[in-house]
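Heads up: the structure comes next, in structure tokens.
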Amino acid sequence: MTLFLTRHGRTTANRMHLMQGWSDFPLTGEGREDVRQFGRGLRGIRFVSAWCGNLTRQYDTAREALDASGQGDLPIQVDPDLREDNFGSFEGRDEAETIKAVCSHMGYENHDQVRQATGRLISAAMQDAFHELDLENPLGTDLASEDRAETTEQVRVRMMRVLTKIAENAVTLGGGEVLVVSSGMCLQQFLVTMGDDIDVPDMDNTAVTKVTYADGRFSLDGPLASMEYFLAGAER
């Protein structure tokens, strides 16, 4: 069986360059159009199930894509473990200023320097830095510790848990393709655990990475963060 791990469509926060982890920003009108194009690119694929996180942008991406693909009758199962990373006190704040603060906390001037230093593990290193900085509380928020930014380990544990559940569920259905709509950083942090040679690029909206599941193990099945289905949808 194969999971189509998909990043959600473009949101208002993407356009306003705001941090959106667990914050619930909606798709833009343009984002919905892109998702429908992506869905048209999926025509001919018969998903045995569809899953998403409990954020509006994730559910609406799954729903619009399935409707456009010709599988509008397929129900969507929602699991909060598919949410994006939690950025705690930095939720909804200016993205550029926040990334600059996190890079500075790590001892670097900018994102490029962090990338050079951490390589393929950049999303993991950044998320742990979010967690550390949030505990220092430079913004002076009153968040409880459990509501502050997650660690990479927390993200990976929940992502492995939910994706294994989804894969095992598909096995009981006899195998096949499964649509899974989640978010960029949490998908990156899951994917790099699959091999020391896996370097996940930044994911565009509606990018897909296919993984297979067999004998309790996940494996890549094609390119990382592919836009092939979105591009195919432009011709349908």
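Residues: numbered from 1 along the sequence shown. A quick note: this is a predicted structure, and the numbers were derived from the prediction, not measured.
Considering only heavy atoms from C-beta on, Val208 stays 4.5 Å or farther from Glu228 through its side chain. Residues Gln77 and Ser49 meet the side-chain proximity criterion, which asks for heavy atoms closer than 4.5 Å. Looking at heavy atoms from C-beta onward, Thr6 lies in side-chain contact with Phe38 at the 4.5 angstrom threshold. Taking 4.5 Å as the limit, every side-chain heavy atom of Leu163 sits out of range of all side-chain heavy atoms of Val211. Two residues are said to be in side-chain contact when any heavy atoms from C-beta on lie closer than 4.5 Å; Glu132 and Met106 fail this criterion. Within the 4.5 Å cutoff, the side chain of Arg93 has heavy atoms near those of the Leu139 side chain. Contact of the Glu84 side chain with the His8 side chain is not registered, since no non-hydrogen atoms from C-beta on lie closer than 4.5 Å. Residues Cys103 and Asn110 have side chains not in contact (no heavy-atom distance under 4.5 Å, counting atoms from C-beta outward).
Shown here are the salt bridge (charged side-chain N to carboxylate O under 4.0 Å, His left out) partners of Asp24, two or more places apart in sequence or in another chain: there are none. The ring pair (Phe, Tyr, Trp, His ring centres under 6.0 Å) check on Phe87 picks up Phe130, with sequence neighbours excluded. Residues satisfying the salt bridge (charged side-chain N to carboxylate O under 4.0 Å, His left out) criterion with Asp79, sequence neighbours excluded, are Lys165. Not counting sequence neighbours, the partners of Tyr229 by the ring pair (Phe, Tyr, Trp, His ring centres under 6.0 Å) test are Phe4. Residues forming a side chain to side chain contact (heavy atoms under 4.5 Å, CB included) with Thr28 (at least two apart in sequence, or on another chain): Arg10, Thr12, Arg15, Glu30.
Side chain of Ser23 to main chain of Gln20: no donor-acceptor pair is present (N/O by atom type, distance under 3.5 Å, no hydrogens or angles). At distances below 3.5 Å, at least one donor-acceptor pair connects side-chain atoms of Asn14 with backbone N or O atoms of Thr11. Remark: the backbone N or O of Thr141 is paired with a side-chain donor or acceptor of Asn137 at under 3.5 angstrom. Counting only distance, with no hydrogens or angles, the side chain of Asn86 and the backbone of Arg148 share a donor-acceptor pair below 3.5 Å. Ser104 places no side-chain N or O within donor-acceptor distance of the main-chain N or O of Lys100, the cut-off being under 3.5 Å. Looking at Glu64, its side chain never comes within 3.5 Å of a backbone N or O of Gly39 through a donor-acceptor pair. Although no hydrogens or angles enter the test, the distance criterion places no donor-acceptor pair under 3.5 Å between the side chain of Arg32 and the main chain of Thr61. In this structure a side-chain-to-backbone donor-acceptor pair under 3.5 Å is present from Asp134 to Ala149.
Each side-chain hydrogen bond (donor to acceptor under 3.5 Å, both in side chains) pair with one or both residues in residues 169-184, not counting sequence neighbours, appears once here: Gln58-Ser183.
Between the CE atom in Met19 and the CD atom in Glu97 there is a gap of 12.0 Å [rounded to 0.5 Å]. Interatomic distance, Ile198 CD1 to Thr193 OG1, rounded to the nearest 0.5 Å: 7.5 Å.
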Next item on the list: Could you go through the side-chain contact (heavy atoms from CB on, under 4.5 Å) check for Asp60 and Val35 one step at a time?
Entry: CA-CA 9 Å; Asp60 286 355; Val35 168; over 6 Å; no
Item checked: CA sep, side-chain torsions, deciding dist, call: Leu191, Met203, side-chain contact (heavy atoms from CB on, under 4.5 Å) -> CA-CA 12 Å; Leu191 289 166; Met203 295 182 180; 3.7 Å; yes
Note to self: Let's go through Arg120 and Asp196 carefully: what are the C-alpha distance in whole Å and the side-chain angles of both, what is the deciding distance for side-chain contact (heavy atoms from CB on, under 4.5 Å) to 0.1 Å, and is it a yes or a no?
What the structure shows: CA-CA 9 Å; Arg120 72 184 194 90; Asp196 293 340; 3.6 Å; yes
Next item on the list: Take Asp199 and Arg115 through the salt bridge (charged side-chain N to carboxylate O under 4.0 Å, His left out) test and state the conclusion after the steps.
Entry: CA-CA 11 Å; Asp199 187 358; Arg115 177 70 176 180; 3.0 Å; yes
Note to self: Walk me through whether Leu179 and Gln71 qualify under side-chain contact (heavy atoms from CB on, under 4.5 Å).
What the structure shows: CA-CA 11 Å; Leu179 178 66; Gln71 280 197 268; over 6 Å; no
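Counting heavy-atom neighbours within 6.0 Å of Glu109 CD, excluding the residue itself, gives a total of 12 or less. More than 12 non-hydrogen atoms from other residues, nucleotides or ligands lie less than 6.0 angstrom from CZ of Arg236. By the neighbour-count criterion of 12 heavy atoms within 6.0 Å, atom CD of Glu136 is densely surrounded, having more than that number from other residues, nucleotides or ligands.
Across Val192, Leu121, Ile122, a single residue satisfies side chain to side chain contact (heavy atoms under 4.5 Å, CB included) together with Val200, and that is Val192. With respect to Glu150, the side chain to side chain donor-acceptor pair (under 3.5 Å) criterion is satisfied by exactly one of Gln127, Arg83, Arg158: Arg158.
No path of Ile, Leu, Val, Met, Phe, Trp and Tyr side chains, each step under 4.5 Å between heavy atoms, connects Leu135 with Trp22, placing them in separate hydrophobic clusters. No chain of hydrophobic side-chain contacts below 4.5 Å, direct or via other Ile, Leu, Val, Met, Phe, Trp or Tyr residues, connects Ile76 to Leu82. Both Val181 and Tyr59 are members of a single hydrophobic cluster when ILVMFWY side chains are connected at heavy-atom separations under 4.5 Å. Under the 4.5 Å side-chain contact rule for hydrophobic residues, Ile166 and Val48 share a cluster. In the hydrophobic clustering of this structure, Leu55 does not group with Met16; members are Ile, Leu, Val, Met, Phe, Trp, Tyr whose side-chain heavy atoms approach within less than 4.5 Å, directly or through other members.
Of all heavy-atom pairs between Pro80 and Asn54, the closest is CB-ND2, 3.6 Å. Ser123 and Thr152 make their closest contact through O-OG1, 4.5 Å (heavy atoms, listed as atom of the first residue, atom of the second, distance). Residue Val178 comes nearest to Ala170 through the heavy atom pair CG2-CB, 3.7 Å, listed as atom of the first residue, atom of the second, then distance. The two residues Asp204 and Met227 come nearest to each other via the heavy atoms CB-SD, 3.7 Å.
Ring pair Tyr213/Phe218 is tilted by interplanar angle, where 30° to 60° counts as tilted.
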